[in-house]
Amino acid sequence: MGHPFPIREIARQAGLSEATVDRVLNGRGGVRESTADEVHRAIADLDRQRTQVRLVGRTFMCDIVMQAPERFSSAVRAALEAELPALHPAVVRCRFHFRETGPAGELARTLDRIARRGSQGVILKAPDVPEVTAAVSRLTAAGVPVVTLATDLPASPRVAYVGIDDRAAGATAAYLMGQWLGDRPGNVLTSLSSGFFRNEEEREMGFRGVMRVRHPGRVLVEIAEGQGLDATQYDLVRAALERDPEIRAVYSMGGGNIATLRAFADLGRPCEVFVAHDLDQDNTRLLRERGLSVVLHHDLRQDLREACRHVMRAHGALPSAGPARPSAIQVVTPHNMPPDTPFETATG
């Protein structure tokens with residue numbers, strides 16, 4: 001029976017003597033069938049546990065690079081730090097590089113510094129622009145695997161994308177929007193934080209596709225480039241509302257939802273349906289207060305755990321798991337919020 005384990009290790013696993021194990025492995029007599037079965041079971045157990053053995057004592061230094069509003073990057077940090085103990089027996093240490101906005105060249109320089117300094121892996125949320133794609137290629141050439149998180153860079157040599165199927169999420173938003181608005185008149189404001197994020201582009205395509213087929217008469221009014229930041233988002237939303245008195249619903253693909261609702265309130269306008277993404281600090285509070293109708297959410301801890309595992313696989317510390325599957329889309333209302341929702345008492 002072929003196996004990669006020392007006789008001593010098999011004997012320890014089976015609770016038998018090395019001599020007995022040796023007789024079983026080499027087909028010599030004098031061993032009961034039940035004892036031979038114990039040896040074979042021990043080898044099977046060791047084979048299943050081989051991954052754990054390979055991970056003992058391994059430390060993976062990863063860099064988390066994100067361009068996102070502070071509320072989302074804080075949620076990512078909290079989710080990752082909560083998940084790190086579950087990666088035992090491996091040890092994952094993280095360096096964080098967060099920014100809310102800025103030129104793509106500056107983000108590319110951050111990635112280049114990581115390539116020069118060295119890293120076991122980069123988990124990246126970044127706009128899909130040529131400068132970033134080129135920097136990911138340089139990281140890969142330097143032997144640093146890159147996993148994209150929440151938004152993809154499909155033209156880059158990243159090892160995996162971790163997140164939801166954003167086109168399906170946009171289609172889900174359109175379905176919910178249509179169900180809740182019904183036959184009531186009104187236009188829908190669609191809000192992107194930036195047209196350079198692949199996830200928001202995919203959400204918009206999914207949303208528009210379903211609305212076009214199921215609700216062809218419903219007018220969609222687009223705003224973009226608010227970067228998910230309240231100050232810029234407020235101005236964009238208020239200007240759109242002043243131009244179009246028929247806007248009565250919102251699909252927010254990015255963020256800045258507090259500012260969006262404030263613009264409606266300041267103009268004395270109702271927002272009858274509001275579909276948003278991610279249970280971050282702002283959206284958790286808005287959903288509890290009924291400012292949002294629904295949040296399309298996914299398990300961020302699971303995403304971060306899987307991202308770390310992709311880094312480990314890239315270094316041969318875990319076996320290949322085949323193509324990555326999208327995260328499950330959770331439709332969250334004020335009545336079915338997950339019990340471990342973060343920021344439950346947040347008010348800011």
Side-chain angles (χ1 to χ4, degrees), residues 51-70 72-100 102 106-128 132-154 156-164 197-199 278 280 298-321 323-327 342:
T51 292
Q52 294 287 310
V53 172
R54 285 204 303 265
L55 289 175
V56 170
R58 294 286 299 272
T59 298
F60 298 87
M61 177 62 77
C62 295
D63 289 88
I64 318 302
V65 183
M66 297 186 62
Q67 179 170 314
E70 188 274 336
F72 186 73
S73 57
S74 292
V76 167
R77 183 195 291 265
L80 179 57
E81 291 178 344
E83 198 59 35
L84 290 181
L87 299 172
H88 181 81
V91 175
V92 177
R93 297 173 56 198
C94 299
R95 296 179 291 230
F96 296 95
H97 313 265
F98 293 161
R99 68 181 202 159
E100 290 196 306
E106 182 179 311
L107 184 56
R109 285 190 289 275
T110 297
L111 297 175
D112 286 337
R113 285 194 296 272
I114 293 170
R116 290 193 299 270
R117 182 179 58 197
S119 177
Q120 271 71 58
V122 169
I123 298 173
L124 176 64
K125 181 185 183 296
D128 185 9
V132 174
T133 297
V136 171
S137 296
R138 293 190 291 271
L139 273 167
T140 302
V144 180
V146 176
V147 179
T148 52
L149 174 71
T151 184
D152 200 10
L153 301 172
S156 75
R158 50 81 172 138
V159 298
Y161 160 69
V162 174
I164 60 174
F197 284 102
R198 173 71 59 162
N199 64 331
D278 300 319
D280 58 23
H298 57 285
D299 189 336
L300 196 53
R301 285 184 58 169
Q302 178 180 322
D303 285 353
L304 271 299
R305 179 168 67 249
E306 189 59 26
C308 290
R309 286 176 174 169
H310 279 298
V311 171
M312 295 178 191
R313 291 184 189 111
H315 289 283
L318 288 177
S320 174
R325 295 183 179 181
S327 304

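Reckoned from all heavy atoms, side chains included, excluding hydrogens, waters and symmetry mates. Keep in mind that what you see is a predicted model, and the values were worked out from it rather than measured.
- Partners of Ser73 according to the side chain to side chain donor-acceptor pair (under 3.5 Å) rule, which considers only residues two or more places apart in sequence or in another chain, do not exist here.
- Residues forming a side chain to side chain contact (heavy atoms under 4.5 Å, CB included) with Ser156 (at least two apart in sequence, or on another chain): Thr133, Val136, Leu153, Arg158.
- Applying the salt bridge (charged side-chain N to carboxylate O under 4.0 Å, His left out) test to Asp128 and every residue at least two apart in sequence or in another chain returns Arg198.
- Partners of Asp112 by side chain to side chain donor-acceptor pair (under 3.5 Å), not counting sequence neighbours, listed by chain and number: Arg138.
- Remark: Ala68 pairs with Met66, Phe72, Lys125 by the side chain to side chain contact (heavy atoms under 4.5 Å, CB included) rule, at least two apart or across chains.
- In this structure, Arg309 has no side chain to side chain donor-acceptor pair (under 3.5 Å) partners at least two apart in sequence or on a different chain.
- When the side chain to side chain contact (heavy atoms under 4.5 Å, CB included) test is applied to Arg99, the partners found at least two apart in sequence or on another chain are Gln67, Pro103, Glu106, Leu107.
- Judged as a salt bridge (Lys or Arg N to Asp or Glu O under 4.0 Å), the pairs with a partner in residues 78-90 (not counting sequence neighbours) are, in order, Glu83-Arg301, Glu83-Arg305.
- With salt bridges taken as basic N to acidic carboxylate O contacts below 4.0 Å, one links Arg313 and Glu306.
- When the ring pair (Phe, Tyr, Trp, His ring centres under 6.0 Å) test is applied to Tyr161, no partner is found at least two apart in sequence or on another chain.
- Remark: Pro85 pairs with no residue by the side chain to side chain contact (heavy atoms under 4.5 Å, CB included) rule, at least two apart or across chains.
- Residues satisfying the side chain to side chain donor-acceptor pair (under 3.5 Å) criterion with Asp63, sequence neighbours excluded, are Arg95, His97, Arg117, Ser119.
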